[in-house]
Amino acid sequence: VNDLEAEIERIYRDRYVALCRVAASVTGTVETAREAVQEGFALAFAHRAEFRGEGPLEGWVSRIVLRAALDTRRRSASSLGVVLDETREGTLLWTPELPHADRDPALAAAVGGLPSRQRQIVFLRYFADLTHAQVAEILGISPNTVSAALHQARTALARQLEQEDAHAQEVQQ
Amino acid sequence: MTDGLDQALSERFALQHDELSMPDFADVLRRATQITSRTEARKRPSTHRLPATLGVRRVLIAAVAVAALVGVGVAIATSFGAFSGISAAQHPQGPADKLDPALAAAINAENAHENGLGAGKLLPDSARFIRQLAGGERIYALSTTTNMLCVLLVGQPGSNLGDATSCGDPLSQNEPTTITSVQPDSATPPLAYGIAIDSVASVSFTAAGQEVTVPVKDNVWAYQGENSGLDALTVHFDDGSTALLHNGVSTS
């Protein structure tokens, strides 16, 4: 148990920024994202005894944080209190959005056109700066699946961004 | 192409970043202590009727848009918004609807810790008993102070299923059923259940590789067994039409 406590604290320090970004892509604001991350880590810490070791602890904690962010956005937290959802299925509910779409409307449009799973992977890789292995841990899929989906997503983004950027230049001129 | 594109994407996504300072981990520990305290508070009355929901392995919640109020009676007007389209819940509260006092007290205690996530406070007095499942579990519909629909499952006394609550917006034609799955431990098959609007005759989904169709009775459907295909659920309406729900939301 003490090892788990120390590990969760380590994950908090190592992953805080990345998970705040993930949460912000769910909740839309840094403030609500920070709150969701704190609640998610608190849930994980309080229920650490339920971690069964069926995968890396980082993935388990990250999914709980992601679910906490989804609950914040969906206003669907159990009023009876804690509902712990660390499952891979929980990640399916996540459709990330750029927190500041106005800063890059072309990117927002391009990302918005991606299929849900590709969009998740793109956000985890580029917005949260996570490695393929870390993305795989969170989503509960294989690193190979991440690589394949990322390849498809990059191709689609490149094509879309090229069009969007060209359109933006035309408008400017 | 890939390296350059990688770099370009990283730079564009970096423009979305905000300054982030990390709160001390002590804040996490303080919150965790509160969660543990609340959990313990819920466990205490469990010897009566309220086993804990910890151990719930999977909860998918179908949330929905508010539908128009119809046939509102004065005595239960506040509940009809949340219970719109659910005839089995649209009746004045009677003895069968009353929650066990220990459960109601636990709900009220939890309301004091309402975490600001927007579901509002659960209203024990709004409870309407809808159906008892084959395993003895009782399904109630409740509303909240923000007029959300909550589905409360109360397990048999002494069972390890416990109680579980999931909340979302009231049901509508576009999102005609709630979807919840609970599994108290790995030795017990998951129980999937939902409250559906009146026009839903049955739901179907893939379970253990097989298509299963579950009839709706008194606005409730329930299925015990492997349910990994629950996130793609087909709703069958009385008029023969169907709607495919992905994660609770209609795709049609």
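To find a chain, count down the sequence lines: A is the first, B the second, and so on, and within it residues start at 1. Note that the structure is a prediction, hence the values are computed from the model and not measured. We use all heavy atoms of the structure for the numbers below, so side chains are in, but hydrogens, waters and symmetry mates are not.
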Which residues share a side-chain hydrogen bond (donor to acceptor under 3.5 Å, both in side chains) with Glu11(B), sequence neighbours left out |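 Partners of Glu11(B) under the side-chain hydrogen bond (donor to acceptor under 3.5 Å, both in side chains) test: Gln7(B).
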Could you tell me which portion of [X] (side chain, backbone, both or neither) has an atom closer than 4.5 angstrom to a non-hydrogen atom of chain B?
{"X": "Val37(A)", "value": "neither"}
{"X": "Ala24(A)", "value": "neither"}
{"X": "Val17(A)", "value": "both"}
{"X": "Leu161(A)", "value": "side chain"}
{"X": "Arg13(A)", "value": "both"}

Of Gln134(A), Arg10(A), Arg63(A), which is the lone residue that meets side-chain hydrogen bond (donor to acceptor under 3.5 Å, both in side chains) with Glu58(A)?
->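 Of the listed residues Gln134(A), Arg10(A), Arg63(A), the side-chain hydrogen bond (donor to acceptor under 3.5 Å, both in side chains) partner of Glu58(A) is Arg10(A).
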What pairs with Phe127(A) under ring-ring contact (aromatic ring centres under 6.0 Å, His included), at least two apart in sequence or on another chain?
->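 In terms of ring-ring contact (aromatic ring centres under 6.0 Å, His included), with neighbours along the sequence ignored, Phe127(A) is linked to Phe123(A), His17(B).
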Could you tell me which of Val122(A), Val30(A), Leu107(A) has the largest number of non-hydrogen atom pairs under 4.5 Å with chain B?
->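 The answer is Leu107(A).
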Any sub-3.5 Å donor-acceptor pair from Thr36(B)'s side-chain atoms to Ala46(A)'s backbone N or O?
-> no
Does a salt bridge link Glu162(A) with Arg159(A), judged by any charged N lying under 4.0 Å from a carboxylate O?
-> no
Let me know if Leu142(B) has heavy atoms under 4.5 Å from chain A in its side chain, its backbone, both or neither.
->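 For Leu142(B), no heavy atom lies under 4.5 Å from chain A.
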Aromatic ring proximity Phe45(A)/Tyr12(A), centre distance under 6.0 Å = no
